[in-house]
Amino acid sequence: MTFLWPQFLWLLLLVPALVLLYLWLIRRKKKLAVRYASLSIVREALGARQSLRRHLPPVLFLLAITAMLIAAARPLAVITLPSNQQTIILAMDVSGSMRAEDVKPNRLVAAQEAAKAFIKDLPRNVKVGVVAFAGSANVAQLPTTSRDELVAAIDSFQLQRATATGNAIVVSLATLFPDAGIDIADFGPQSRQQGISLDRAGRKPAEPVKPVPPGSYSSAAIIMLTDGQRTTGVDPLDAAKAAADRGVRVYTVGVGTVDGETIGFEGWSMRVRLDEETLKAVANRTAAEYFYAGTAQDLHKVYETLSSRLTVEKKETEVSALFAVAAAALSLLAAGLSLLWFNRIL
């Protein structure tokens with residue numbers, strides 16, 4: 001715990017001084033009590049006043065004073081709060097290698113089922129968009145709160161050739177910021193020949209971006225799942241820089257073979273390898289995280305972890321009000337017990 005005004009903590013030295021004053025008053029009353037001839041008064045001074053009931057109200061009041069002094073120092077604590085996340089973009093690989101069956105029943109089906117479970121567990125107010133990518137990236141579903149539309153979009157995936165991970169990030173950014181003029185063509189000539197999901201006609205040029213701290217944009221995030229390395233399109237690190245400059249986190253999920261494997265189906269074969277180094281770099285550059293899922297169960301756990309990351313967040317928050325409320329409650333309790341037991345306040 002830290003404090004905005006730590007100098008006020010010096011006032012806590014008053015608490016032990018008040019304790020000593022209270023003990024001195026108790027001893028003084030005992031000495032005065034023996035001067036009375038009435039045994040009942042002496043018995044009250046030496047007996048009942050030594051009971052727990054006699055000391056409990058003052059102790060509670062001292063605790064209230066302590067809480068008030070701590071509140072005056074404006075304490076800060078890291079607490080878990082609901083996230084401000086309003087939009088999540090799922091960028092999902094639909095390249096041909098996603099048909100591989102090392103993740104049962106196959107990579108694509110496992111990814112689809114995990115994504116649908118992830119969407120189901122999100123708060124209803126969170127919008128989710130879906131971007132499907134292979135050799136090009138396309139918006140399968142604009143951000144919406146309709147879970148039925150999202151499930152339908154995920155179920156409609158069609159496998160294609162090649163893998164353009166950078167394009168997926170750019171199209172996801174363009175979906176999050178539709179008025180910013182973000183276009184794949186602005187990221188280099190190698191991407192001009194690739195399919196683009198957004199209509200360029202009448203689109204204004206991209207606005208200059210004033211970089212913000214990576215990960216500082218708390219209203220949206222991108223989750224990109226892929227099983228291969230980039231074979232075409234925008235460099236994913238260039239796309240990650242664009243996301244980082246806007247403060248958008250890009251969480252990356254790797255599925256499949258890390259060392260590389262030749263996968264064949266429908267009369268043709270392809271060599272695939274999961275580029276973990278690049279996926280980690282994308283996540284690091286955007287202040288996010290990378291996850292690897294080697295099985296369908298791992299993939300479900302990854303999405304469960306992401307759900308908890310994106311729906312709650314830890315923030316350093318001022319908790320002065322909590323200490324002030326505690327001080328008020330302790331003061332009222334001390335006064336109430338004193339009135340109940342002794343017909344006076346302390």
Side-chain angles (χ1 to χ4, degrees), residues 87-98 129-143 157-201 203-209 211-212 214-215 217 220-256 270 272-288 290:
T87 307
I88 297 172
I89 301 296
L90 291 179
M92 300 184 66
D93 192 340
V94 293
S95 59
S97 57
M98 289 291 286
V130 180
V131 170
F133 68 94
S136 62
N138 301 278
V139 178
Q141 175 59 57
L142 289 170
F157 288 163
Q158 298 292 323
L159 296 179
Q160 305 170 34
R161 294 192 180 188
T163 303
T165 50
N167 291 35
I169 298 173
V170 174
V171 172
S172 297
L173 285 174
T175 305
L176 289 174
F177 305 101
D179 298 325
I182 300 171
D183 198 308
I184 290 177
D186 297 329
F187 287 79
Q190 76 278 5
S191 64
R192 294 183 186 273
Q193 62 187 8
Q194 304 304 321
I196 300 173
S197 64
L198 302 176
D199 185 10
R200 297 182 192 173
R203 184 174 295 278
K204 63 180 180 180
E207 299 176 354
V209 176
V212 299
Y217 186 73
I222 298 170
I223 301 173
M224 183 175 70
L225 180 145
T226 181
D227 71 338
Q229 61 187 144
R230 169 215 174 202
T231 60
T232 187
V234 176
D235 186 329
L237 295 183
D238 290 342
K241 182 181 182 304
D245 288 346
R246 291 171 172 80
V248 178
R249 286 185 170 92
V250 181
Y251 295 88
T252 53
V253 182
V255 181
M270 62 188 304
V272 294
R273 183 181 71 85
L274 180 62
D275 188 0
E276 282 197 309
E277 182 179 348
T278 299
L279 293 178
K280 290 177 181 178
V282 168
N284 289 336
R285 180 165 291 189
T286 60
Y290 165 74

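All values below come from the heavy atoms of this structure, side chains included, with hydrogens, waters and symmetry mates left out.
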Spatial distance of atom [atom1] ([X]) from atom [atom2] ([Y]) [nearest 0.5 Å]:
| X | Y | atom1 | atom2 | result |
| --- | --- | --- | --- | --- |
| L176 | Y217 | CG | OH | 7.0 Å |
| I169 | I89 | CD1 | CD1 | 13.0 Å |
| I182 | T175 | CD1 | OG1 | 9.0 Å |
| N138 | N167 | CG | CG | 9.5 Å |
| R246 | L173 | CZ | CG | 6.0 Å |
| T165 | D275 | OG1 | CG | 7.5 Å |

Any side-chain to backbone donor/acceptor pair from [X] onto [Y]? Under 3.5 Å, distance only.
| X | Y | value |
| --- | --- | --- |
| T252 | L279 | yes |
| D183 | D186 | no |
| R249 | G215 | yes |
| R161 | A134 | no |

T226: partners by side-chain hydrogen bond (donor to acceptor under 3.5 Å, both in side chains), with sequence neighbours left out: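 Partners of T226 under the side-chain hydrogen bond (donor to acceptor under 3.5 Å, both in side chains) test: D93.
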Among all residues two or more places apart in sequence or in another chain, which pass the side-chain hydrogen bond (donor to acceptor under 3.5 Å, both in side chains) test with D245?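 Listed in chain order: K241.
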Check [X] against [Y] and note the closest heavy-atom contact, atom names and distance.
| X | Y | result |
| --- | --- | --- |
| F157 | A132 | CE2-CB, 3.8 Å |
| A164 | G233 | CB-CA, 4.5 Å |
| L225 | M98 | CD2-CE, 3.8 Å |
| T278 | P236 | CG2-CG, 3.6 Å |
| V248 | A220 | CG1-O, 4.3 Å |
| L159 | S95 | CD2-O, 3.5 Å |

Considering only heavy atoms from C-beta outward, does the side chain of [X] approach that of [Y] to under 4.5 Å?
| X | Y | result |
| --- | --- | --- |
| V139 | V130 | no |
| I184 | V171 | yes |
| R230 | D235 | yes |
| T286 | Y251 | no |
| V282 | L237 | yes |

side-chain contact (heavy atoms from CB on, under 4.5 Å) partners of A91, counting only residues at least two apart: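 Checked A91 against side-chain contact (heavy atoms from CB on, under 4.5 Å); matches are V131, F133, A168, S172, M224.
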Could you work out, with side-chain contact (heavy atoms from CB on, under 4.5 Å) as the rule, every residue matching P214, not counting sequence neighbours?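 P214 satisfies side-chain contact (heavy atoms from CB on, under 4.5 Å) with A244, A287 once adjacent residues are dropped.
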Could you go through the side-chain contact (heavy atoms from CB on, under 4.5 Å) check for Q229 and T163 one step at a time? CA-CA 7 Å; Q229 61 187 144; T163 303; over 6 Å; no
